[in-house]
Amino acid sequence: MNTYSSIYAVVQQIPVGRVATYGQIATLANLHGKARLVGYALYRVVDGSSIPWHRVINAQGKVSESPFRNGSDDLQRSLLEAEGVEFNHAGHINLRQYQWQPDLAQFFPDESRI
DNA sequence: GCCATGACGGAGC
DNA sequence: TGCTCCGCCATGG
């Protein structure tokens with residue numbers, strides 16, 4: 001289980017109709033503060049894998065994408081809207097409403113008993 | 001092996 | 001509210 005495997009494992013936990021932020025994924029993957037690695041990991045994985053990468057957005061509730069990847073902003077947005085996630089006038093997602101709230105005990109069993 | 005870069009985040013101004 | 005800078009670390013040239 002390497003760094004990226006952890007990230008992918010977490011991303012795959014995101015349920016349909018929910019989104020998670022890079023920072024959140026990083027924390028759940030035991031990489032708190034290393035959100036960049038999450039973005040980098042997802043950048044490499046969009047390779048025909050089954051990772052729901054479109055459910056990962058930045059902390060501002062907005063979709064980010066690399067200019068090097070075929071205008072995926074519309075694609076990602078479409079995929080999310082198809083799952084019931086709504087965007088406001090500014091293209092933002094209401095995190096309060098759609099952010100995934102995982103069972104922390106599943107990721108940090110040791111800390112859950114504190 | 002060194003340097004630049006990158007789907008981010010948070011602090012500072 | 002919005003922009004800039006710094007930290008983090010894996011990857012590619």
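Protein chains get the first letters and strands the later ones, always in sequence-line order, with residue 1 at the start of each. Side chains included, hydrogens not; waters and symmetry mates left out as well; all remaining heavy atoms used.
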Pairs under 3.5 angstrom, nitrogen or oxygen only, protein versus nucleotides 1-3 of chain B, please.
none

Short heteroatom pairs, N/O only, protein and nucleotides 11-13 of chain B, under 3.5 Å:
none

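Figure legend: R77(A) and F87(A) shown as a cation-pi pair, the cationic atom lying under 6.0 angstrom from the six-membered ring centre and within 45 degrees of its axis.
Residues forming a side chain to side chain donor-acceptor pair (under 3.5 Å) with T3(A) (at least two apart in sequence, or on another chain): none. For the side chain to side chain donor-acceptor pair (under 3.5 Å) test, no residue two or more places apart in sequence or in another chain qualifies with N94(A).
A heavy-atom distance below 4.5 Å is not found between the side chains of Y4(A) and V45(A). Here the side chains of I93(A) and E86(A) are not in contact, with every heavy-atom distance at 4.5 Å or above. Side-chain atoms of I25(A) and V56(A), non-hydrogen and from C-beta on, do get closer than 4.5 Å to each other. Residues Q76(A) and I57(A) are in side-chain contact: their nearest non-hydrogen atoms beyond the backbone lie under 4.5 Å apart.
Between W100(A) and F107(A), the ring planes are perpendicular. Angles over 60° get that label, and only those under 30° would be called parallel.
A straight line from OH of Y40(A) to P of dG9(B) spans 18 Å, rounded to a whole angstrom. The CG atom of N58(A) sits 14 Å away from the P atom of dG2(C) (whole-angstrom rounding). dG9(B) atom C1' lies 15 Å from atom CG of L42(A), rounded to whole Å. Rounded to whole Å, atom C1' of dG9(B) lies 16 Å from atom NZ of K62(A). Separating the CD atom of Q60(A) from the P atom of dG9(B) is a distance of 6 Å, rounded to the nearest angstrom. In this structure, OH of Y4(A) is placed 8 Å from P of dA10(C), rounded to the nearest angstrom. Rounded to whole Å, the distance from CG on L95(A) to P on dC8(B) is 15 Å.
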Residues 6-14 of chain A side chain polar contacts: donor-acceptor under 3.5 Å, at least two apart:
residue: S6(A); atom: OG; partner: N2(A); partner atom: O; Å: 3.2
residue: Y8(A); atom: OH; partner: A41(A); partner atom: O; Å: 3.2
residue: Q13(A); atom: OE1; partner: Q106(A); partner atom: NE2; Å: 3.2
residue: Q13(A); atom: NE2; partner: A9(A); partner atom: O; Å: 3.0

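Salt bridge present: E83(A) and R55(A) bring a charged side-chain N and a carboxylate O closer than 4.0 Å.
Annotation: proximity of residues 10-37 of chain A to DNA chain C (heavy atom, distance under 4.0 Å) is found for K34(A), R36(A), L37(A), numbered in ascending order.
In the displayed structure, H92(A) atom NE2 is contacted under 6.0 Å by more than 12 heavy atoms of other residues, nucleotides or ligands.
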